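Along the sequence shown, the residues carry numbers beginning at 1. If you're wondering where the values come from, they're calculated on a predicted model, not measured in any experiment.
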Amino acid sequence: MDKNRELEVLKMYLEEVKAVPKEEEGERDRLLLEYGRNGISVKERLIKLYLMDTLQIAAEYKEQGIAFSDLIQEANMGLLLALEDGETEDRKIKERIRQAVLEAVDAEDREGAVSEHVAEEINRLDEASKILSDRNGQAPAIEELMEYLGMPEDEIREYMKISLDAINAGLQS
């Protein structure tokens with residue numbers, strides 16, 4: 001998502017949060033208690049009361065490689081899941097919100113690490129292909145690449161497919 005769109009989404013979210021009527025003294029605790037008994041009637045108000053919390057928790061994890069609007073969305077999902085599970089303790093609800101955001105950050109980190117590893121392996125494969133081509137005067141066979149790189153055939157084929165898919169995607173854009 002580009003920065004302008006991100007700012008637009010954030011502005012809309014903040015407007016929605018500002019439109020929520022101010023929390024009365026003890027209202028959240030009272031609603032949590034009532035939610036434990038009869039959740040449906042107070043759920044919407046509880047969600048609105050926690051919107052600023054979801055925003056604040058998401059803000060703690062900005063600059064972690066995930067769009068801020070996505071962090072807010074993950075925080076809101078954590079809130080909804082906590083309430084859906086019948087959670088009625090403020091501290092635990094906030095923990096669930098934080099947990100949802102942290103899981104998204106961790107997933108993004110793992111995805112980035114996998115992508116980086118794949119790119120390194122594709123570069124190794126490309127370099128090996130060039131070396132073997134120069135040495136033999138023709139494109140190397142899979143068996144030659146397997147021996148040179150010490151990689152199984154299925155791995156080499158998978159990296160070749162990923163590389164070809166990336167080239168094709170680049171040609172189509």
Side-chain angles (χ1 to χ4, degrees), residues 1-18 47 50-87 91-173:
M1 181 180 294
D2 68 3
K3 287 287 183 193
N4 289 335
R5 178 73 178 126
E6 175 105 4
L7 288 173
E8 186 179 308
V9 168
L10 181 57
K11 183 180 174 186
M12 289 174 12
Y13 188 86
L14 286 172
E15 287 174 8
E16 185 176 330
V17 170
K18 287 179 185 177
I47 289 170
Y50 277 98
L51 288 178
M52 185 56 76
D53 294 300
T54 62
L55 181 63
Q56 290 169 341
I57 291 169
E60 293 174 23
Y61 298 91
K62 282 177 28 181
E63 312 301 323
Q64 298 283 327
I66 300 179
F68 188 38
S69 57
D70 290 343
L71 291 172
I72 293 169
Q73 183 176 354
E74 292 297 329
N76 285 331
M77 287 303 298
L79 168 61
L80 292 175
L81 290 172
L83 292 175
E84 209 50 47
D85 288 345
E87 188 55 63
R91 179 187 57 80
K92 288 185 178 180
I93 290 172
K94 290 177 182 174
E95 283 176 12
R96 288 285 297 273
I97 294 168
R98 185 174 310 284
Q99 178 185 8
V101 173
L102 282 170
E103 286 173 3
V105 169
D106 288 346
E108 184 70 23
D109 287 347
R110 282 191 306 278
E111 187 176 301
V114 168
S115 297
E116 193 173 305
H117 171 73
V118 169
E120 289 170 2
E121 291 299 306
I122 289 172
N123 287 339
R124 263 186 70 212
L125 179 62
D126 188 45
E127 187 177 316
S129 293
K130 287 177 185 171
I131 290 169
L132 292 171
S133 290
D134 290 346
R135 185 185 298 165
N136 302 330
Q138 64 183 17
I142 293 281
E143 293 76 20
E144 292 172 296
L145 290 168
M146 289 169 51
E147 184 178 324
Y148 187 85
L149 293 169
M151 262 188 210
E153 181 178 351
D154 60 333
E155 233 178 282
I156 290 174
R157 289 191 183 282
E158 182 64 25
Y159 291 134
M160 291 171 100
K161 181 183 180 319
I162 292 168
S163 181
L164 186 59
D165 289 346
I167 290 169
N168 288 336
L171 293 174
Q172 292 176 1
S173 31

For the atom pair [atom1] ([X]) and [atom2] ([Y]), what is the distance rounded to the nearest 0.5 Å?
X	Y	atom1	atom2	answer
L55	I97	CG	CD1	11.0 Å
L83	I93	CG	CD1	5.0 Å
I72	I66	CD1	CD1	12.0 Å
M52	Y13	CE	OH	8.5 Å
Y50	K94	OH	NZ	6.0 Å
N76	L71	CG	CG	11.0 Å

Please find the pair of heavy atoms, one from [X] and one from [Y], that lie closest to each other, and give the distance.
X	Y	answer
S133	A139	OG-CA, 3.6 Å
A104	E74	CB-CG, 3.5 Å
P152	M146	C-CG, 4.3 Å
R157	I142	NH2-CG1, 3.8 Å
A58	F68	C-CE1, 3.6 Å

Are there more than 12 heavy atoms of other residues, nucleotides or ligands under 6.0 Å from atom [atom1] of [X]?
X	atom1	value
E87	CD	yes
E147	CD	no
E153	CD	yes

Exercise for the section: For I156 and M160, run side-chain contact (heavy atoms from CB on, under 4.5 Å): C-alpha distance rounded to whole Å, both residues' side-chain angles, the deciding distance at 0.1 Å, then the answer. Expected result: CA-CA 6 Å; I156 290 174; M160 291 171 100; 3.7 Å; yes
Handout entry: Q99 side chain to E95 side chain, donor-acceptor N/O pair below 3.5 angstrom
Key = no
Problem - Flag side-chain contact, heavy atom, 4.5 Å: E144 against N136 - result: yes
Exercise for the section: Decide yes or no for R96 and D85: does some side-chain heavy atom of the first lie under 4.5 Å from some side-chain heavy atom of the second? Expected result: yes
Exercise for the section: State whether E121 and R124 are salt-bridged, where the test is any N-O pair (Lys NZ or Arg NE/NH1/NH2 against Asp/Glu carboxylate O) under 4.0 Å. Expected result: yes
Handout entry: salt_bridge(K130, D134) N-O dist < 4.0 Å
Key = no
